[in-house]
Enquirer: 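Encoded as structure tokens, here's the structure I'll be asking about.
These numbers come from a predicted model, not from an experiment.
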Amino acid sequence: MKSRIGLWMLIVVLFASFALPSNTFASTGDQGINEKLGLPIVVYGEALSPSQKAEVTDLLEVNQHEQVDEFTVNGQDLANYIGGNPNSNMYSSVKIIHQDNGAGLNIDIVTPANITQVTKEMYTNALLTAGVENADVLVASSVKVSGHSALTGIYKAYDAKGVKLDEERMKVASDELDIATDIAEEEGIDRDKISELLTEIKKQIAEQDPATREEIEQIVQEQIQSLNIELSEEERQRLIDLFEQMRNLNIDFDQVRNQLDDLTGNIQDLINDDGFWNNLRNAIQDFFKSLSNFISSLFN
């Protein structure tokens, strides 16, 4: 009997290790009011029902802070900030905690199952393009959404607090997110691979400081080939147009190079970590083997 109980406990532990999400994002627990950096900011999607808003409030751990500044984002905001459809229903919600200079930009998608198209690396790339730095950003949705509208909530939060982000950079960042998700969906390319491509192109722009569209085109093509990505001519041209716009905006890519290095490392480490995938596969196999043995023992 004791052995069966022990086996059952092993099964429960193994199952919990898969069922419960792992979250390595820094704790956002209450540390009092930071008078230097200001209050955390929470922006709720206007389309949330009262029960959905309560759920998102829990997901974003809003109650862990003594005070927060709260705002609501709607379809008109989408139109104002990135030229979207003013009739859109907005569900994605965000919490932003400003950090000291040098802390970097840290994104956590609290509900990854409900953000269906945008990865945290895509958010990071787009927000760096828009000029957002040194902040912890949590994204959550109580229903399945693509995730694009979360950018609008972040832009509104900065605007409401008197931090004016460059409008052209915000628009280009939105275009970047659209292109990244379009390529992943239409070309069937892994989203992490697309994020890596965007990051590597930016790093090369920072290193080479291209002065012409032709030089941008060469950088884009070299990185596509380096990562063994196959794109249609249309998507390749969209990337060239995107980074040509960034070049014309005089974005200081050197300023975000360290964050881009960290982003590439995180993506590549996960893609190339054979040990991680082997351990995961072995753990799954062991789990089902133990479960099978336990069930068999019930009939013996």
Enquirer: Could you tell me whether the side chain of Lys202 and the main chain of Asn125 form a donor-acceptor pair under 3.5 Å?
Expert: yes

Enquirer: Rounded to the nearest 0.5 Å, how far apart are NZ of Lys171 and CD of Gln245?
Expert: 7.0 Å

Enquirer: Check whether any side-chain heavy atom of Gln218 sits under 4.5 Å from a side-chain heavy atom of Gln208, and report yes or no.
Expert: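 They are not in side-chain contact.
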
Enquirer: Sorted by first residue and then second, give each salt bridge (Lys or Arg N to Asp or Glu O under 4.0 Å) pair with at least one member in residues 76-89; sequence neighbours left out.
Expert: Asp77-Lys156

Enquirer: Could you state the interatomic distance from CD (Glu186) to CD1 (Ile179), rounded to the nearest 0.5 Å?
Expert: 11.0 Å

Enquirer: Side chain of Asp69, backbone of Ile41: donor and acceptor closer than 3.5 Å?
Expert: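 The answer is no, because no donor-acceptor pair under 3.5 Å joins these two groups.
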
Enquirer: Determine whether a donor-acceptor pair (N or O, by modelled atom type, separation under 3.5 Å) exists between the side chain of Tyr155 and the backbone of Met170.
Expert: yes

Enquirer: Quick one: do Lys193 and Glu187 make a salt bridge, cutoff under 4.0 Å?
Expert: no

Enquirer: Is the backbone of Glu185 close enough, under 3.5 Å, to the side chain of Arg191 for a donor and an acceptor to pair up by distance?
Expert: no

Enquirer: Determine whether a donor-acceptor pair (N or O, by modelled atom type, separation under 3.5 Å) exists between the side chain of Asn74 and the backbone of Glu46.
Expert: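 No, the answer is negative, given that no donor and acceptor are paired below the 3.5 Å cut-off.
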
Enquirer: Does Gln221 offer a backbone N or O that forms a donor-acceptor pair with the side chain of Arg236 under 3.5 Å?
Expert: no

Enquirer: Using every non-hydrogen atom in the two residues, find where Glu55 and Ser142 come nearest and quote the distance to one decimal.
Expert: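 Scanning both residues, the minimum pair turns out to be OE1-CB, 3.6 Å.
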
Enquirer: Search all heavy atoms of Ile216 against all heavy atoms of Pro210 and return the closest pair with its distance.
Expert: CD1-CG, 3.5 Å

Enquirer: Using atom types as modelled and distance alone, determine if a side-chain donor or acceptor of Thr199 lies under 3.5 Å from a backbone N or O of Ser195.
Expert: yes

Enquirer: For residues 81-90, run the donor-acceptor check on the side chains, cut-off 3.5 Å, and write out each pair with its distance to 0.1 Å, sequence neighbours left out.
Expert:
from  : atom 1 : to     : atom 2 : distance (Å)
Tyr81 : OH     : Asp159 : OD2    : 2.7
Asn85 : OD1    : Asn87  : N      : 2.9
Ser88 : OG     : Asn85  : O      : 2.9

Enquirer: How many angstroms lie between atom CD of Glu196 and atom CG of Asp190, to the nearest 0.5 angstrom?
Expert: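 Rounded to the nearest 0.5 Å, the CD-CG separation comes out at 10.0 Å.
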
Enquirer: Are any non-hydrogen side-chain atoms of Arg213 and Asp241 less than 4.5 angstrom apart?
Expert: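 Yes, their side chains come closer than 4.5 Å.
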
Enquirer: List the atom of Ala173, the atom of Leu151, and the distance in Å for their closest heavy-atom pair.
Expert: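 Taking every non-hydrogen atom into account, O-CD1, 4.2 Å.
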
Enquirer: At what distance, to the nearest 0.5 angstrom, does CD of Glu176 lie from CE of Met246?
Expert: 4.0 Å

Enquirer: Should Tyr123 and Ile109 count as side-chain neighbours, where that means a heavy-atom distance under 4.5 Å?
Expert: yes

Enquirer: Looking at Gln52 and Ala47, what are the two nearest heavy atoms and their distance?
Expert: OE1-O, 4.0 Å

Enquirer: Whether the side chain of Asn106 engages the backbone of Asp136 through a donor-acceptor N/O pair (distance < 3.5 Å, no angle test) should be reported.
Expert: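 Not confirmed, Asn106 side chain does not pair with Asp136 backbone.
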
Enquirer: Could you give the distance from CD1 (Ile154) to CD1 (Ile107), rounded to the nearest 0.5 Å?
Expert: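 With rounding to 0.5 Å, CD1 (Ile154) is 6.0 Å from CD1 (Ile107).
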
Enquirer: Does Phe71 have any ring-ring contact (aromatic ring centres under 6.0 Å, His included) partners at least two apart in sequence or in another chain, and if so, which?
Expert: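 With sequence neighbours excluded, Phe71 shows a ring-ring contact (aromatic ring centres under 6.0 Å, His included) to no residue whatsoever.
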
Enquirer: Report the distance from atom CD of Glu217 to atom CD1 of Ile240, rounding to the nearest 0.5 Å.
Expert: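 Separation between the atoms: 4.0 Å.
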
Enquirer: Does the side chain of Thr119 reach to within under 4.5 Å of the side chain of Thr124, using non-hydrogen atoms?
Expert: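 No; the side chains remain at least 4.5 Å from each other.
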
Enquirer: Kindly say whether Ala211 contributes a backbone atom to a donor-acceptor pair with the side chain of Glu215 at under 3.5 angstrom?
Expert: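 It does hold such a pair.
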
Enquirer: Taking side chain as C-beta onward, heavy atoms only, is Val62 less than 4.5 Å from Glu70?
Expert: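 The answer is yes, as the side chains (C-beta and beyond) meet within the 4.5 Å cut-off.
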
Enquirer: Please give me the minimum heavy-atom distance between Ser93 and Leu48, naming the atom from each residue.
Expert: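 Ser93 and Leu48 have their closest heavy atoms at OG-CD1, 3.4 Å.
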
Enquirer: Taking Arg247 first and then Glu244, would you say they form a salt bridge - that is, a charged N and a carboxylate O separated by under 4.0 Å?
Expert: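 Between Glu244 and Arg247 there is a salt bridge, with a charged N closer than 4.0 Å to a carboxylate O.
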
Enquirer: Given side chains that start at C-beta, do those of Leu231 and Leu239 come closer than 4.5 Å, heavy atoms only?
Expert: yes

Enquirer: Got a donor-acceptor contact below 3.5 angstrom from the Ser141 side chain to the Lys144 backbone?
Expert: no

